[in-house]
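See below for the structure under consideration.
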There are 2 protein chains.
Amino acid sequence: MDDSGGTYRSSRSTGSARLTDVARVAGVAPMTVSRALNRPELVSESTRLRVQQAVLETGYVPNRVAGALASSRSRLVALLVPTVAHSLFAEVVQTVMGALSPQGYQVLLGLVGYTPEQEETILETVLSRRPDGIVLTGCRHSPLTRQRLQSAQVPLVEIWDMTDDPLDMLVGFSHESVGRAVAEHLLSRGCRRFGLISADDSRARRRVAGFVSALERAGEGAYQLREVGTPSSMPWGREKSAELLDQHSLDAIVCSSDILALGVLAEAQSRGLSVPEELAIMGFGDSSYAAASFPALSTVRIDGAAIGLRAAEHLLQRMAQPTFQRAGQTLDIGFEIVDRDTT
Amino acid sequence: MDDSGGTYRSSRSTGSARLTDVARVAGVAPMTVSRALNRPELVSESTRLRVQQAVLETGYVPNRVAGALASSRSRLVALLVPTVAHSLFAEVVQTVMGALSPQGYQVLLGLVGYTPEQEETILETVLSRRPDGIVLTGCRHSPLTRQRLQSAQVPLVEIWDMTDDPLDMLVGFSHESVGRAVAEHLLSRGCRRFGLISADDSRARRRVAGFVSALERAGEGAYQLREVGTPSSMPWGREKSAELLDQHSLDAIVCSSDILALGVLAEAQSRGLSVPEELAIMGFGDSSYAAASFPALSTVRIDGAAIGLRAAEHLLQRMAQPTFQRAGQTLDIGFEIVDRDTT
DNA sequence: GCTTGGAATGTTAGCGCAATCAATTTGTAT
DNA sequence: ATACAAATTGATTGCGCTAACATTCCAAGC
């Protein structure tokens, strides 16, 4: 009852209630409290209720840091995306978290940008938290990153890309295929002279490469490429398209994101070019505003929610297994050309 | 060199290199390795290099879970926002993380939606990680939430709202003031009959309340309110504005987000209403696409980057102090009416 | 030489929890 | 009642690290 003088607290203690405090109040052993909270099916109903009461009385908040250390399970999933400022990745974050939270996992978010260096740095600090799983955007990593991920022995889902050689699991789509599909779509519309405005990130570049390879295979079409820095923005799109249109006669401009395409659209309108008759415009991502622009933007739809959901499902399944074992399963969720009014 | 038979590993060990392994290889005490990695200024140059070498040899990745338990410093900041699917909050996440990462803090992201229940649930699991700091959206919390935050004794920044009575620190703006400013702006444009389309979240409701109070103070203006669920979307805006326009004769429609306003704009265009002459439209947030719509959307600009940055700065300052002490400082970063072509 | 003080390094003892195994209680069949 | 298994609870130990204190080292001063 009276704990005056009875509770010795070391100088290193944090002051808040611990498992042993709850145990004392409930009149059981600390281990029983642990079980009552984490594996209630292992304790009797009456004990569970007494512990529950003691938790309320003491205001106990479990310390999962200690729990993670003792059990080697952090219940933490690291989610590494380039940015959340892009609606595409925001959608992934939203769905991954929506799927993991109900299962008791929390998300350690990492914004890796578009450079391998940043990915390396962030991955190191992320691994130091001993996450139970990792969702990682992209599958072209530096050797060091690959090596660290392999030796970490953590369930991993690479997303938003496609490869024959995933580190573990993979949910995404082929950027080369997107580029080819866009090229074929525009060729079928009669476009032959292309401007490409692409962000300087590796996946956008692979879409460009796919586009170019399709032109070559078709044996026709000429293109001019302009790269822009990240993050992409309307002004970038407007500036680069102005440059392209000043210097070349073009049928279509293909952008690595919808927001760039919106800038191109603004530039076309300011020049009085009729879209798509005089200039076709193609975006990427099918952001929420793509359908709302005037004219409505043609683009490539990526189902970010599907990627996030399937990635989370794969990860949950693997994290539920007692032992680590590389899986190697791959899921291509594809994409869709959305043919609106700018092509 | 040869450690065969020399290294005993308990069955509970995780298998990867530990501090003691590095220490053995470097020929120093574990504590010295800890210092070499965390407080290199306390260690001689030669020792630091030997430890560095040993880290590389062993492939050691520090275990911050154990470190956090031992030091009562998690180097984790919890960031709780309603969603990242809104560009406004995505911007906050982006800037908060951008400011915290270089200082060695990692971010535990929590998506609390727009209900107090979810906030409570997520806050509990978040506190169990013993974060060194918390950034929390909004400042109208349930009693339980307030009590938990107070007893947690964690540096806290509430953002995206304004109150006289913050739990700790506060960086935001007044939603009532936004509502009033929008009302005054539209009244000055000659609008008198208003439709309001608002998300069913508490902050959007307070903007509505501010709007209504300004109408009352001005002694003129009538309004019709429609609430929509979250997340807001163009279809919601279109549907509710159709309803409003069918049933009432209106001068202006005010929306609780830009994306709703885009839906209203689409509906107005489909009805052949000239904007803003026959119908003025007002958004909220100044999302990237607001300026790109046709006609360009008038809206309210919130500087999410400023909120995120200042919140992170306040938090860093407080986390650097050795003892917890409630601060009570408040920063109103304001807002701006962006008068484009729909009002 | 010896002292002295600061820099560098080492030793000890937890942080708060859960895995593990031991002990006890309960229920059930004999 | 007794034996036995199952259900429930408890005691011990250690997860990997760092705070706190102890010790050693080395250069400078006398």
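Here is the naming used below: chain letters follow the sequence lines, and residue numbers restart at 1 for every chain.
Take the nearest nucleotide of DNA chain C for Ser34(A) and for Ser44(B): the residue whose nucleotide is more 5' is Ser44(B). The residue among Pro62(B) and Pro30(A) whose nearest nucleotide of DNA chain D lies closer to the 5′ end is Pro30(A). Across the interface with DNA chain C, nearest-nucleotide mapping of Val43(B) and Gly67(A) shows Val43(B) to be the residue nearer the 5′ end.
Here Leu19(A) lies in heavy-atom contact (under 4.0 Å) with sugar-phosphate atoms only. Counting any heavy atom pair closer than 4.0 Å across all strands shown, Ala70(A) reaches a base atom. Residue Val65(B) is classed as having no contact, given no heavy-atom separation below 4.0 Å to the nucleic acid. Among the heavy atoms of the strands, none lies under 4.0 Å from Ser72(B).
Side chain of Thr145(A) to main chain of His141(A): no donor-acceptor pair is present (N/O by atom type, distance under 3.5 Å, no hydrogens or angles). Judged purely by atom type and a 3.5 angstrom limit, Arg48(A) has no side-chain atom pairing as donor or acceptor with the backbone of Leu42(A). Side-chain atoms of Thr47(B) do not come within 3.5 Å of backbone N or O of Val43(B) as any donor-acceptor pair. With hydrogens and angles ignored, the 3.5 Å screen pairs a side-chain donor or acceptor of Asp21(A) with a backbone N or O of Arg18(A).
More than 12 heavy atoms of other shown residues, nucleotides or ligands fall within 6.0 angstrom of atom CZ in Arg75(B). Counting non-hydrogen atoms of other residues, nucleotides and ligands closer than 6.0 Å to CZ of Arg130(A) gives a total above 12. Counting heavy-atom neighbours within 6.0 Å of Glu57(A) CD, excluding the residue itself, gives a total above 12.
Between Ile134(A) and Val77(A), the closest side-chain pair of non-hydrogen atoms is not below 4.5 Å.
For the pair Leu167(A) and Glu158(A), the tightest heavy-atom approach, listed with the atom from each and the gap, is N-OE1, 2.8 Å.
For the pair Arg129(A) CZ and dG16(D) P, the computed distance is 17 Å after rounding to whole Å. The distance between atom CZ of Arg24(B) and atom P of dC17(D), rounded to the nearest whole Å, is 13 Å. Here the C1' atom of nucleotide dT24(C) and the CE atom of Met31(A) are 17 Å apart, to the nearest Å. One atom, CZ of Arg39(B), and another, C1' of dT18(D), lie 11 Å apart when rounded to the nearest Å. Leu42(A) places its CG atom 14 Å from the C1' atom of dT20(C), with the value rounded to the nearest Å. Residue Asn63(B) contributes atom CG, which lies 8 Å from atom C1' of dC15(D) at whole-angstrom precision. To the nearest angstrom, P of dT25(C) lies 21 Å from CD of Glu45(A). If you take CG of Leu69(B) and C1' of dC15(D), they are 9 Å apart, rounded to a whole angstrom.
Judged by the 6.0 Å distance and 45° axis criteria, Arg318(B) is positioned over the aromatic ring of Phe324(B).
Direction of the helix axis in the helix from dG1(C)-dC30(D) to dT30(C)-dA1(D) shifts by 40° between the two five-pair termini, rounded to 10°.
At a cut-off of 3.5 angstrom, the base of dG10(D) holds at least one donor-acceptor pair with the side chain of Arg35(A).
Side-chain atoms of Ser71(B) lie closest to dA19(D) of the nucleotides dT9(C), dC17(C), dA19(D). When the nucleotides dG10(C), dG10(D), dG16(C) are ranked by their closest atom to the side chain of Thr32(A), dG10(D) comes out on top. Comparing dC17(C), dT9(D), dT18(D) by their closest approach to the side chain of Asn38(B) singles out dT18(D).
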Tabulate protein N/O versus nucleotide N/O from nucleotides 5-7 of chain D, keeping only pairs under 3.5 Å, one per line.
none

